[in-house]
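Bear in mind the structure is a predicted one, so any value in this text is a computation, not a measurement. Note that these values count all heavy atoms, side chains included, but never hydrogens, waters or copies made by symmetry.
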Amino acid sequence: MSAAGASALWLALVLAVVAPVVLALTLSLPAASAAGFSCRPGARPVVFNFGDSNSDTGGMAAAKGWHITPPEGRTFFHHPTGRFCDGRLIIDFLCESLNISYLSPYLKAVGSNYSNGVNFAIGGSTTLPRDVLFSLHIQVQEFFFFKARSMELINQGQEAPIDAQGFENALYIIDIGQNDVNGLLSNLPYDQVVAKFPPILAEIKDAVQMLYANGSRNFWIHGTGALGCLPQKLSIPRKNDSDIDQNGCLKTYNRAAVAFNAALGSLCNDLNVQLKNATVVYTDLFAIKYDLVANHTKYGFDRPLMTCCGYGGPPYNYDITRSCQSPNATVCTDGSKFVSWDGVHLTEAANAVAAAAILSSAYSIPKLKFDQFCKV
C-alpha cells in the first residue's frame, strides 16, 4: 500500500472510532449539563488540578528534592520552577484566563499560595496501580486531607486558604492517562492495549465520583495528546516507515490515543447524566496537539517533530539516555519555533496555542467556555 493509501486508511479508522462517539455525545448530552458551572456570584475562582507531568508545576521536584537546572524555565520564569518546560504549561495559561495566581504544588513546603487552589499533579503519575505513590487515587486522597485540614482550621476559628464554599464552587481538572497508555504501548500490540483501557477509565470515573460524593460539582477532564508525534516515540528504532503517517507521526500510537479519548469522552457523557447538579466537560487534547504538528506553519513552528532540548541532532534530537538535564544536551536558540521541548513535553509556545484552543471551547463537550467558570 502506498503512503497516501496508508494515511487514508488510518484517517478512516480514526473517523470510524471518533465520529459515532462525538455524534452520541452531542445528541445525548442532557440539557441541564449545558447550563454551566455552579459558582456563587462574586466568588473568586478556585482550581484543583490532578495529573501528570503535563500539568506538574513543581510537585515532583518538591517530592524528590530534585535540583532542576537551566535551561528549564528559561522562557518566562527565567529560572527552573520544577515544570518540564521552558516556561508556562497549559494549566498556567488556564489560570491566567481566570486572573488567578499559578497553582502551587501540594508538596511544595516553601513559597506556596493556596488561596486559589492546589496542584496535586506529579510527573510520571498514572491511574494504575491505584495505590502507588502519586497515582490519581493517591492525589485525590491528598485533596481530601487538604480539605479536611482546612475545615478543621476554620472550625477552630483560624484562617484557611479556602473555605467550604470555595471547595464547593471550585473547578476540578483531571489531566491524566498518557503514562498509562504509553506504558501499555511499549509492551503490547494495539488490540491488547485497547482491551486494557477499561480499568484506566474506571480509575478516572472513581476519582470523579469520590470528589462528587465529597461535594465537588464542576469537572474539566482532558483527553490524552498525540502520542505518536512525540520525538521520544519517533526516535525508537523501527524496521521501516510503514507506521508513519503523512505528518511524520506514528499511526499506531495515535490510533490508541484516539480510541482512549473516544472512550473517555463517552465516560464523561455518562457522568453528566448520572451526577445530579454536576457539570463534566470533556476536552479532546488529541485534536489540539495533533494540529500543532499537522498545521505547524500556521502557528509559526519550523520543527514540529524535533526536540528543542535534547541530544542527537536531526531528525528528532532525542536520546533516551541523555535528557534535557544532561550536561551534553543541546538546546535550540528559539523555543518558539519548536513544538516539543524535551521530547515528551511541549514548549511554552506550543502550550500557549493548546491553551487558546481549550479556551475556545471548540474541542469541548459540552461547549462551555473555560473562563465562564467563576469569572470575576
Side-chain angles (χ1 to χ4, degrees), residues 13-14 16-18 20-22 24-25 28 48-56 59-60 120-144 172-214 216 219-228 230 232-233 250 252-275 278 280-286 289 344 365:
L13 289 171
V14 168
V17 172
V18 176
V21 175
V22 172
L25 291 176
S28 63
F48 294 103
N49 183 69
F50 307 87
D52 51 33
S53 57
N54 288 313
S55 59
D56 182 351
M60 180 57 83
F120 297 93
I122 295 283
S125 293
T126 57
T127 66
L128 293 169
R130 78 186 320 250
D131 291 318
V132 301
L133 201 57
F134 309 133
S135 67
L136 176 60
H137 176 71
I138 296 300
Q139 290 180 31
V140 172
Q141 296 305 310
E142 290 174 335
F143 164 77
F144 290 152
Y172 294 79
I173 301 176
I174 297 178
D175 186 345
I176 201 167
Q178 177 171 319
N179 292 325
D180 294 273
V181 178
N182 266 336
L184 293 173
L185 285 164
S186 298
N187 300 291
L188 299 171
Y190 175 79
D191 290 345
Q192 292 182 37
V193 168
V194 174
K196 289 186 177 293
F197 285 168
I200 300 172
L201 297 165
E203 287 300 314
I204 296 175
K205 179 180 181 180
D206 183 63
V208 173
Q209 289 178 327
M210 286 195 302
L211 290 166
Y212 176 83
N214 193 255
S216 307
F219 300 93
W220 193 280
I221 315 293
H222 285 169
T224 195
L227 306 182
L230 299 179
Q232 179 199 54
K233 304 306 177 187
L250 291 164
T252 300
Y253 273 82
N254 280 345
R255 281 178 61 207
V258 169
F260 178 80
N261 284 357
L264 179 59
S266 180
L267 168 63
C268 290
N269 181 60
D270 291 343
L271 289 170
N272 258 317
V273 175
Q274 296 167 9
L275 304 181
V280 182
V281 176
Y282 163 74
T283 301
D284 182 10
L285 266 291
F286 177 89
K289 292 185 177 181
V344 178
I365 300 174

_From CA spacing to verdict: side chain to side chain contact (heavy atoms under 4.5 Å, CB included), Ile138, Leu136_ = CA-CA 5 Å; Ile138 296 300; Leu136 176 60; over 6 Å; no
_Run Lys205 and Leu271 through side chain to side chain contact (heavy atoms under 4.5 Å, CB included) and show every step you take._
CA-CA 8 Å; Lys205 179 180 181 180; Leu271 289 170; 4.0 Å; yes
*Taking all non-hydrogen atoms of both residues, which atom of Ala257 and which atom of Phe286 are closest, and how far apart?*
CB-CD1, 3.8 Å
*Side chains of Leu264 and Ile204 in contact at under 4.5 Å (non-hydrogen atoms)*: yes
*Ignoring hydrogens and angles, tell me if any N or O in the side chain of Ser186 forms a donor-acceptor pair with the backbone of Asn182 under 3.5 Å.*
yes
*Pairwise side-chain contact, Tyr282 with Asn269, heavy-atom cut-off 4.5 Å (strictly under)*: no
*Considering residues at least two apart in sequence or located in another chain, which fulfil the side chain to side chain donor-acceptor pair (under 3.5 Å) criterion with Asn49?*
Ser55, Asn119
*Looking only at non-hydrogen atoms, find the nearest pair between Ala256 and Val181 and report the distance.*
CB-CG1, 4.4 Å
*asked:* I'd like to check the side chain to side chain donor-acceptor pair (under 3.5 Å) partners of Asp175; sequence neighbours left out, ordered by chain and number.
replied: His222
_Residues that Phe50 engages under ring pair (Phe, Tyr, Trp, His ring centres under 6.0 Å), provided they are two or more places apart_ = Phe120
*asked:* For a 4.5 angstrom cut-off between non-hydrogen side-chain atoms, does Ile221 reach Val208?
replied: yes
*Using a 4.5 Å cut-off on heavy atoms from C-beta on, say whether the side chain of Asp56 contacts that of Asn54.*
no
*Taking the side chain as C-beta and beyond, is there a heavy-atom pair between Leu250 and Asn254 under 4.5 Å?*
no
Atom pairs and distances, side-chain donor-acceptor, residues 123-131, under 3.5 Å, sequence neighbours left out:
{"from": "Ser125", "atom 1": "OG", "to": "Ile122", "atom 2": "O", "distance (Å)": "2.7"}
{"from": "Ser125", "atom 1": "OG", "to": "Phe134", "atom 2": "O", "distance (Å)": "2.7"}
{"from": "Ser125", "atom 1": "OG", "to": "Gln139", "atom 2": "NE2", "distance (Å)": "3.3"}
{"from": "Thr126", "atom 1": "OG1", "to": "Leu128", "atom 2": "O", "distance (Å)": "2.8"}
{"from": "Thr127", "atom 1": "OG1", "to": "Asp180", "atom 2": "OD1", "distance (Å)": "3.0"}
{"from": "Thr127", "atom 1": "OG1", "to": "Asp180", "atom 2": "OD2", "distance (Å)": "3.4"}
{"from": "Arg130", "atom 1": "NE", "to": "Glu203", "atom 2": "OE1", "distance (Å)": "3.1"}
{"from": "Arg130", "atom 1": "NE", "to": "Glu203", "atom 2": "OE2", "distance (Å)": "3.2"}
{"from": "Arg130", "atom 1": "NH2", "to": "His137", "atom 2": "ND1", "distance (Å)": "3.3"}
{"from": "Arg130", "atom 1": "NH2", "to": "Asp206", "atom 2": "OD2", "distance (Å)": "2.6"}

_Partner residues of Ser53 under the side-chain contact (heavy atoms from CB on, under 4.5 Å) criterion, sequence neighbours left out_ = Phe84, His345
*Can you sort out the partners of Gln192 under side-chain contact (heavy atoms from CB on, under 4.5 Å), two or more places apart, ordered by chain and number?*
Leu188, Pro189
_For a quick check under 3.5 Å, do Gln178 and Asp52 share a side-chain donor-acceptor pair by atom type?_
no
_Would Phe219 and Leu211 count as a side chain to side chain contact (heavy atoms under 4.5 Å, CB included) here? Give the steps._
CA-CA 9 Å; Phe219 300 93; Leu211 290 166; 3.8 Å; yes
*Non-hydrogen side-chain atoms of Ile200 and Lys196 separated by less than 4.5 Å*: no
_Distance flag, aromatic centroids of Tyr172 and Phe143, threshold under 6.0 Å_ = yes
_Counterpart residues, ring pair (Phe, Tyr, Trp, His ring centres under 6.0 Å), relative to Tyr253 (two or more places apart)_ = none
_Asn187 side chain vs Gly183 backbone, donor-acceptor pair below 3.5 Å_ = yes
_Taking every non-hydrogen atom, the tightest pair across Gly177 and Phe260_ = CA-CZ, 4.4 Å
*Do the side chain of Asn261 and the main chain of Gly223 share a donor and acceptor less than 3.5 angstrom apart?*
no
